[in-house]
**Q** 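Here you go, one structure.
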Amino acid sequence: VAIEVTTGAGQTGDWILATDGLIYKGTKLALGADAGTVIGKVFGFLGHGVRSGYGEFDTGWYAITDPGDMGLRGVFIEGFALLFYGPDPNNLDRPETFARWRFVGPTVDANGQPRPDNYATTAAGITVGDTLADLKSAYGSEVTPGSNDDEHWYRLVYSTGDICFYFEGDNAPTDASPISEISSECRFG
């Protein structure tokens, strides 16, 4: 049985998923920026805060387990996981900085209204739910496949960093496979 997959031109969203940060309607939130500034701007863009009930988490990679690690802490809000390096155990006055982002798809806004499907996209209009065929159509040979025992991805690499597009399932993705997550950094291992 042959399955034909058609691709269309991607439409960009208000959030642009970039290799070196996130861009909201032209305002860049750069990786490496002060965490408080980034979180404050995200709250302002979305029209609400997160700490009261949208999900704050600690990744477990924390200075307690290895004094040389700076730890990662995060905020999950409206489909984004924003990860921040915590204070350096050797320099507790060092501010937290924006380390990476993950996007798992649009959710609802502060009023419970669904965000549109293209709420957050790459500059070429690719988002969670688009297929591997859409990804290849947008980026061609610029994306390369990878996998480990647990997951499959396609990686886009530029001089400013990379973006990884993840697919669910045990088998390698086909052209009809939807993207399940987009991240500013690939997980290898």
Side-chain angles (χ1 to χ4, degrees), residues 5-33 35 37-51 53-57 74-84 98-144 151-168 173 175-187:
V5 179
T6 59
T7 61
Q11 183 180 5
T12 58
D14 289 340
W15 289 92
I16 302 297
L17 309 172
T19 58
D20 57 352
L22 298 170
I23 302 165
Y24 180 76
K25 295 184 178 182
T27 300
K28 184 157 192 174
L29 304 173
L31 296 179
T37 301
V38 170
I39 291 171
K41 286 186 177 187
V42 169
F43 291 172
F45 297 153
L46 296 174
H48 60 89
V50 66
R51 293 183 187 266
Y54 281 89
E56 213 173 325
F57 59 91
V75 173
F76 191 79
I77 184 169
E78 293 193 24
F80 286 102
L82 307 175
L83 299 171
F84 303 92
F98 187 22
R100 62 182 183 243
W101 56 264
R102 289 176 43 233
F103 183 65
V104 295
T107 57
V108 296
D109 66 17
N111 298 318
Q113 299 301 311
R115 294 285 185 183
D117 288 342
N118 65 340
Y119 163 64
T121 70
T122 66
I126 298 298
T127 191
V128 168
D130 285 343
T131 65
L132 177 56
D134 295 322
L135 180 65
K136 289 177 181 176
S137 175
Y139 291 106
S141 63
E142 290 183 285
V143 289
T144 55
E151 53 197 354
H152 298 275
W153 63 83
Y154 271 70
R155 183 178 185 196
L156 174 68
V157 179
Y158 290 135
S159 61
T160 55
D162 61 1
I163 295 180
C164 280
F165 303 87
Y166 287 92
F167 298 86
E168 291 184 351
D175 281 347
S177 299
I179 297 167
S180 60
E181 174 190 331
I182 304 174
S183 177
S184 66
E185 187 175 303
C186 293
R187 299 181 294 267

**Q** Walk me through whether S137 and D134 qualify under side-chain hydrogen bond (donor to acceptor under 3.5 Å, both in side chains).
**A** CA-CA 5 Å; S137 175; D134 295 322; over 6 Å; no

**Q** Can you tell me how far apart CZ (F165) and CG (L17) are? Round to the nearest 0.5 Å.
**A**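 One gets 8.0 Å once the value is rounded to the nearest 0.5 Å.
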
**Q** Are W15 and F80 an aromatic pair by the rule of ring centers under 6.0 Å?
**A**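 Here the rings of F80 and W15 have centres that are less than 6.0 Å from each other.
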
**Q** Could you work out, with side-chain contact (heavy atoms from CB on, under 4.5 Å) as the rule, every residue matching I16, not counting sequence neighbours?
**A**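 T12, I23, T121, A123.
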
**Q** So which atom in F103 and which in E78 form the shortest heavy-atom distance, rounded to 0.1 Å?
**A**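 Nearest pair, atom of F103 first, then E78: CE1-O, 4.1 Å.
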
**Q** What closest approach, in Å, do G125 and D130 show between heavy atoms, and which atom pair accounts for it?
**A**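 Scanning both residues completely, I find the closest heavy atoms to be O-OD2, 3.5 Å.
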
**Q** Distance-only, no hydrogens or angles: does the W101 side chain make a donor-acceptor pair with backbone N or O of L31 under 3.5 Å?
**A**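 Answer holds: no.
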
**Q** Just jot down the ring pair (Phe, Tyr, Trp, His ring centres under 6.0 Å) partners of Y139, sequence neighbours excluded, or say none.
**A**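 By the ring pair (Phe, Tyr, Trp, His ring centres under 6.0 Å) rule, Y139 matches no residue at all.
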
**Q** Over all heavy atoms of both residues, which pair between S177 and F167 is shortest? Give the atoms and the distance, please.
**A**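 Reported closest heavy-atom pair: O-CE2, 3.5 Å.
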
**Q** When rounded to the nearest 0.5 angstrom, what is the spacing between CD1 in I126 and CG in L132?
**A**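 Rounded to the nearest 0.5 Å, the CD1-CG separation comes to 10.0 Å.
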
**Q** Using side-chain contact (heavy atoms from CB on, under 4.5 Å) as the criterion, list what pairs up with P116, not counting sequence neighbours.
**A**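 Scan of P116 (side-chain contact (heavy atoms from CB on, under 4.5 Å), adjacent residues dropped) gives N118, Y119.
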
**Q** Taking all heavy atoms of T127 and all of A120, pick out the closest pair and write down the distance.
**A**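 Nearest pair, atom of T127 first, then A120: OG1-O, 2.6 Å.
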
**Q** Checking T144 now: which residues fulfil side-chain hydrogen bond (donor to acceptor under 3.5 Å, both in side chains) with it, not counting sequence neighbours?
**A**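 So T144 forms no side-chain hydrogen bond (donor to acceptor under 3.5 Å, both in side chains) with any residue.
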
**Q** I'd like to check the salt bridge (charged side-chain N to carboxylate O under 4.0 Å, His left out) partners of K41; sequence neighbours left out, ordered by chain and number.
**A**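 So K41 forms no salt bridge (charged side-chain N to carboxylate O under 4.0 Å, His left out) with any residue.
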
**Q** Name all residues meeting the ring pair (Phe, Tyr, Trp, His ring centres under 6.0 Å) criterion together with F98; count only those two or more places apart in sequence or in a different chain, and write none if there are none.
**A**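 Ring pair (Phe, Tyr, Trp, His ring centres under 6.0 Å) list for F98, sorted by chain: F84.
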
**Q** Considering residues at least two apart in sequence or located in another chain, which fulfil the side-chain contact (heavy atoms from CB on, under 4.5 Å) criterion with D14?
**A**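 With sequence neighbours excluded, D14 shows a side-chain contact (heavy atoms from CB on, under 4.5 Å) to Y24, K25, given in chain and number order.
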
**Q** Check Y154 against P173 and note the closest heavy-atom contact, atom names and distance.
**A**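 Taking every non-hydrogen atom into account, CE1-CG, 4.1 Å.
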
**Q** Check side-chain hydrogen bond (donor to acceptor under 3.5 Å, both in side chains) between E168 and all other residues, then give those that pass, not counting sequence neighbours.
**A**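 Expected list: none.
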
**Q** Determine, stepwise, if the pair K28 / D20 fulfils side-chain contact (heavy atoms from CB on, under 4.5 Å).
**A** CA-CA 9 Å; K28 184 157 192 174; D20 57 352; 2.6 Å; yes

**Q** If the condition is side-chain hydrogen bond (donor to acceptor under 3.5 Å, both in side chains), which residues does S183 pass it with, not counting sequence neighbours?
**A**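 Once residues adjacent in sequence are excluded, S183 has no partner under the side-chain hydrogen bond (donor to acceptor under 3.5 Å, both in side chains) criterion.
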
**Q** State, to 0.1 Å, how close S180 and V128 come at their nearest heavy-atom pair, and which atoms those are.
**A**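 Between these two residues, the closest heavy atoms are O-CG1, 3.8 Å.
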
**Q** Of all residues at least two apart in sequence or in a different chain, which pass the salt bridge (charged side-chain N to carboxylate O under 4.0 Å, His left out) check with E181?
**A**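 E181 satisfies salt bridge (charged side-chain N to carboxylate O under 4.0 Å, His left out) with R102, R187 once adjacent residues are dropped.
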
**Q** What side-chain donor-acceptor pairs closer than 3.5 Å can you find for residues 156-163, not counting sequence neighbours?
**A**
residue, atom, partner, partner atom, Å
Y158, OH, E142, OE2, 3.1
T160, OG1, T19, OG1, 2.3
D162, OD2, R155, NE, 2.8
D162, OD2, R155, NH2, 2.9

**Q** Stepwise, does the side-chain contact (heavy atoms from CB on, under 4.5 Å) test hold for L22 with L82?
**A** CA-CA 10 Å; L22 298 170; L82 307 175; 3.7 Å; yes

